Every structure is written in C-alpha cells, then in structure tokens.
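These notes concern the structure reproduced below.
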There are 2 protein chains.
Amino acid sequence: MAYRKTDKVTARLADTRRSILDAARDLVAEGGFAAVQMTEVAKKAGVATGTLYRYFSSKEALCRQVFREVSAREMGMLAEIASGDEAAGERLVQVLRTFAGRAVRGRRLAYALLAEPLDVNLAEERAFFRRTHADIFARILEDGIDNGELPLIDVRIAAACIAGAIPTALIGPLAPESHELDSNPDRTVEEIVNFCLAGVGVARAGSKTKNMERRTTA
Amino acid sequence: MAYRKTDKVTARLADTRRSILDAARDLVAEGGFAAVQMTEVAKKAGVATGTLYRYFSSKEALCRQVFREVSAREMGMLAEIASGDEAAGERLVQVLRTFAGRAVRGRRLAYALLAEPLDVNLAEERAFFRRTHADIFARILEDGIDNGELPLIDVRIAAACIAGAIPTALIGPLAPESHELDSNPDRTVEEIVNFCLAGVGVARAGSKTKNMERRTTA
DNA sequence: ACAAGAAATGAACCACGGTTCACGGGCAGG
DNA sequence: CCTGCCCGTGAACCGTGGTTCATTTCTTGT
C-alpha cells in the first residue's frame with residue numbers, strides 16, 4: 001500500500017470538477033450548448049482537454065450535468081410555489097409569472113434550456129425538464145378543478161399548452177424584439193400570463209372590447 | 001456551334017431535380033432532417049452523390065428547398081381559410097383546427113417542421129414558417145378585435161402563444177402518447193383549440209365545474 | 001461518324017471537433 | 001529518499017459526412 005487519497009486532494013479534485021462545470025455553464029449562458037467545445041471548456045477552466053475526461057466520461061455527460069444543475073434551480077423555484085397553500089388560481093398566477101419572468105430576464109440561458117436546437121442526448125434532458133414543468137402546472141390545475149375554482153378541462157393538455165405558449169412567446173423567433181422586451185418585460189409577461197389564465201378558464205378583470213357594445217357572433 | 005439544350009433534356013433535368021427533392025422529402029418524412037444524408041438522398045433518387053451538387057449548391061440549399069416546399073403547402077391552406085369572409089371567431093376556429101388536425105395526422109413531418117432540433121441554417125427557414133403562422137393568427141385576431149368580437153389583447157403576443165401551444169401540446173415530449181392520439185385525435189385537437197380560443201377571449205359553450213356551485217377565488 | 005461540350009459518376013478528399021494515450025510531475029506511505 | 005500511484009497534459013488520432021474533381025458517358029449539330 002502506497003497511496004491513499006487525502007482530504008486535501010479530494011477537496012482539490014472537487015474544486016476542479018466545479019470549475020469545469022462552471023466553465024461549461026458560462027459557455028452555455030453565453031452562446032448556448034452549441035458553444036460548448038471541449039477545448040474551450042478546458043481553456044476557460046484552466047485545465048488541459050485531457051483533464052476533462054478524468055472528470056466526465058464524455059462531452060455528453062458534461063453537458064447533461066450542466067443542464068441538470070441549471071434546470072434543477074428553476075424547477076425548484078416553481079415547485080416551491082406550487083406546493084404553497086394559497087388558492088389554486090393564485091398559485092397558478094405566481095408560477096406562471098415566475099416562469100415567464102425568469103425566462104425574460106435570463107433570456108440566453110432560457111433559450112438554451114427551452115428552445116435551442118440540441119442533439120438527441122440533451123434533448124432527453126430537456127424533455128424531462130419540460131415534463132416536470134408541465135407536471136407542476138397540471139398539479140395546480142387539478143387542485144383548482146377539484147375545488148371548483150376552475151372549469152373541467154384536460155389538465156395534461158392544458159399544462160402542455162401553457163408549457164408551450166410561454167417559451168414560444170418569450171424567446172425565439174416569435175418573441176418580441178429584445179429591445180422591446182428589455183424596455184418593458186413585465187407588460188409582455190403579464191399579457192402572456194393572461195392568455196394562459198384565460199385558456200384554463202380563470203376569470204380575470206379588464207376584458208374591454210373596442211366598441212363598447214359587443215356584437216354577437218354569427 | 002455544337003450543343004444546345006433541347007426541350008427533352010430540359011425536361012429530363014427538371015425530372016432529376018424533382019426526384020432529388022422527392023427523395024429528400026421522403027427521408028425527412030421518415031426520419032426528420034437529421035436523416036437526410038447526401039449519400040442516402042442520391043441512392044434514393046437513383047443518382048450519384050456528385051450529381052446532387054449539379055442541382056443544389058450544398059446540402060443546406062437542398063434542405064432549405066425541401067423545407068420551403070413542404071411548409072408552403074401548409075401555410076397555403078391556413079392562409080386560404082384566414083382570407084375567407086366568415087366572422088373572425090369562426091375563421092379562428094377553422095384555422096386552429098386545420099393547423100392542429102394536420103399536425104396530428106402528419107406527425108412525423110410536423111415534427112420535422114416544428115419541433116425537430118435543426119442546425120441554424122434550417123432554423124432560419126423554420127423561423128420564417130412560424131412567423132407566418134403567427135401572422136395569420138394575428139390578422140384574424142385583429143379583425144375580431146376591430147369588430148368587437150374579441151376583447152382587446154396584444155395580438156402579436158396572443159398569436160405567438162397559440163403558435164407555441166399547439167405544436168407543444170401535439171408533438172414532442174409533452175404530447176400525449178402516440179397511441180392515445182391515434183385512437184382519438186379529434187378530442188385532443190378540440191381540447192387544445194379550446195384552450196387557445198379561451199386564451200383570446202372567445203366565449204364558448206360547456207364550462208362545467210366539478211361542484212355545481214363555483215367557489216369564489218380569494 | 002465525329003467533334004465539342006454538357007451531364008453524370010463515385011472514389012478520394014477534407015474539415016471539424018470529440019477522444020485518446022504515452023509521458024512528466026507531484027503526493028502518500030514506508 | 002524512494003517507490004507506487006494517480007493526476008494533469010496536449011499533441012496526435014479518428015470517425016463522420018459533406019464536398020470536390022478527373023474521368024466517363026450522353027447529346028447535339030455538322
């Protein structure tokens with residue numbers, strides 16, 4: 001017997017691992033997963049490319065880990081709100097606002113998590129992420145239906161609609177221009193949230209029509 | 001002077017071009033754009049790989065053309081409905097049903113057009129496609145608002161929400177399992193359409209609640 | 001039939017970026 | 001101090017798949 005890892009070494013190893021993950025995360029935040037190249041990660045983390053492979057078996061493994069860490073944070077916030085004890089409608093509003101609000105503000109990262117073209121391996125990770133979102137929405141909707149706050153709808157489908165509408169309207173080609181968003185993110189968020197709330201049948205204030213009397217549809 | 005393209009040749013060239021495009025389209029319909037490899041296209045079209053480059057300057061150019069042709073068909077149908085002279089609410093219902101209905105039935109192709117991870121070049125093409133969708137929706141919404149059928153909302157945002165909700169709820173990881181969809185596609189389509197209609201404030205029948213009296217929200 | 005030019009061919013080429021591996025340096029234990 | 005082991009290194013390697021190009025095959029007009 002001639003070698004046994006000492007605590008100091010273990011700590012250093014953990015540090016290096018961390019710095020690799022951080023480097024990768026930074027690259028994602030800057031340019032999406034497409035910008036993650038092993039040589040770049042290594043450079044940024046201050047290690048050699050070969051070293052990366054002492055900590056992660058492949059690029060895929062590294063990216064998966066990054067995706068998990070980043071998305072776990074987001075899901076955690078939503079889950080916490082969802083498990084609160086306010087009325088379903090209220091929790092719904094809060095969850096939607098949080099989701100949309102964080103997405104507008106961390107747009108590049110949100111893009112990477114939700115909309116960026118990824119290859120299949122990471123797409124799996126994203127699928128899990130989005131399913132979790134949908135589950136959170138669905139859970140709240142169920143509560144609302146159970147106690148009569150919301151009309152009877154298919155919660156899975158409604159949840160999927162919400163999970164699709166929000167990112168689409170906020171990031172990617174259908175989103176308002178960045179400068180528009182930056183100038184007044186909250187108004188956009190509010191409009192989207194309203195759409196989703198109306199979609200699931202939450203009655204809300206302020207449905208003015210252009211002409212004061214409403215014509216009937218044919 | 002010793003050579004001048006004759007009509008027969010021109011026709012043959014057009015044929016070859018067509019068969020290349022068809023081959024590529026078939027591959028897309030089977031396995032998405034990811035499945036398009038130049039050697040495969042050539043094999044399927046019955047030509048040599050080099051020949052492909054006499055008709056298309058690059059793989060990208062070929063794929064773009066395929067994307068355009070396929071998406072043009074879809075947009076055409078929607079545009080036609082949109083330009084009809086029924087009431088806005090009615091046109092909206094029809095457009096949404098058509099969009100969603102075609103997506104469920106041609107799921108693989110819809111996936112390629114709307115959800116498949118693509119590289120940036122093709123993503124551009126997709127962006128155009130989706131923007132066009134959104135524009136069609138927005139136009140109808142505007143009509144509806146102008147004549148008082150619909151409440152005042154931001155039509156661009158609502159359109160983006162719709163354009164996000166429908167594909168997300170129908171294809172990809174948040175969609176119901178394929179066998180579920182196949183067994184009763186219309187119910188799912190209807191549910192999604194209802195969500196979107198409600199989202200933009202179209203009053204619709206059948207909003208039962210679970211308990212007959214509705215509790216008021218806090 | 002023949003020359004001139006276009007079209008088709010497909011094996012070879014090349015770029016790209018993830019992965020490997022033989023080596024040098026330091027840390028633990030005797 | 002010395003042995004053994006592990007960590008770190010980074011240039012070289014390699015698989016993949018799009019692209020090229022010298023050659024062959026067809027087409028046209030004389």
Side-chain angles (χ1 to χ4, degrees), chain A residues 1-24 27-28 31-67 116-122, chain B residues 1-21 23-24 27-28 30-67 116-122:
Chain A
M1 183 208 315
Y3 186 87
R4 206 173 55 101
K5 241 185 274 190
T6 205
D7 287 358
K8 203 167 65 167
V9 173
T10 311
R12 186 167 50 78
L13 292 188
D15 274 7
T16 304
R17 192 187 155 85
R18 213 20 310 131
S19 70
I20 291 172
L21 281 167
D22 288 351
L27 286 173
V28 171
F33 283 95
V36 178
Q37 287 174 217
M38 296 307 258
T39 47
E40 289 302 305
V41 175
K43 199 185 298 177
K44 199 147 190 160
V47 298
T49 55
T51 305
L52 300 178
Y53 289 85
R54 302 198 148 272
Y55 292 85
F56 299 92
S57 63
S58 66
K59 179 187 180 178
E60 184 198 331
L62 170 58
C63 286
R64 279 187 111 102
Q65 186 61 28
V66 170
F67 198 108
E116 182 191 359
L118 303 178
D119 66 323
V120 280
N121 318 305
L122 275 187
Chain B
M1 184 209 313
Y3 186 90
R4 206 174 53 103
K5 238 186 276 189
T6 203
D7 286 359
K8 202 168 64 166
V9 172
T10 311
R12 184 168 51 77
L13 292 188
D15 274 8
T16 303
R17 192 188 155 84
R18 219 1 331 122
S19 70
I20 291 172
L21 281 167
L27 286 173
V28 171
E30 285 163 28
F33 284 94
V36 177
Q37 289 174 219
M38 296 307 258
T39 48
E40 290 301 306
V41 175
K43 199 186 297 176
K44 200 147 188 160
V47 299
T49 55
T51 306
L52 300 179
Y53 288 85
R54 307 199 127 267
Y55 293 84
F56 300 91
S57 63
S58 67
K59 179 186 179 178
E60 183 197 331
L62 171 57
C63 285
R64 280 185 112 102
Q65 186 60 28
V66 170
F67 199 107
E116 181 190 0
L118 302 178
D119 65 324
V120 280
N121 317 304
L122 275 186

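Just so it is clear, the values below take in all heavy atoms, side chains as well, and ignore hydrogens, waters and symmetry mates. Just so it is clear, the structure is predicted and the values come from calculations on it, not from any experiment. Convention: sequence-line order gives letters A, B, ...; per-chain numbering from 1.
- As a whole-Å value, the separation of A/I20 CD1 from D/dG8 C1' is 11 Å.
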| said: What does the B/S/- profile of nucleotides 8-19 of chain C look like, 5' to 3', with a 4.0 Å heavy-atom cutoff to protein? | reply: BBBB-----SSB

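- If you take CG of A/D119 and P of D/dG17, they are 13 Å apart, rounded to a whole angstrom.
- Taking CD from A/Q37 and NZ from A/K44, the interatomic distance works out to 12.5 Å, rounded to the nearest 0.5 Å.
- When the salt bridge (Lys or Arg N to Asp or Glu O under 4.0 Å) test is applied to B/R64, the partners found at least two apart in sequence or on another chain are B/E60, B/E124, B/E125.
- Atom-to-atom distance recorded for B/M38:CE and B/S58:OG is 7.0 Å, nearest 0.5 angstrom.
- We find that CZ of A/F56 is positioned 12 Å from P of D/dG8, with the value rounded to whole Å.
- Using a 4.5 Å cut-off on side-chain heavy atoms (C-beta onward), A/Y55 and A/V47 make no contact.
- Checked against salt bridge (Lys or Arg N to Asp or Glu O under 4.0 Å), A/D119 has no partners two or more places apart in sequence or in another chain.
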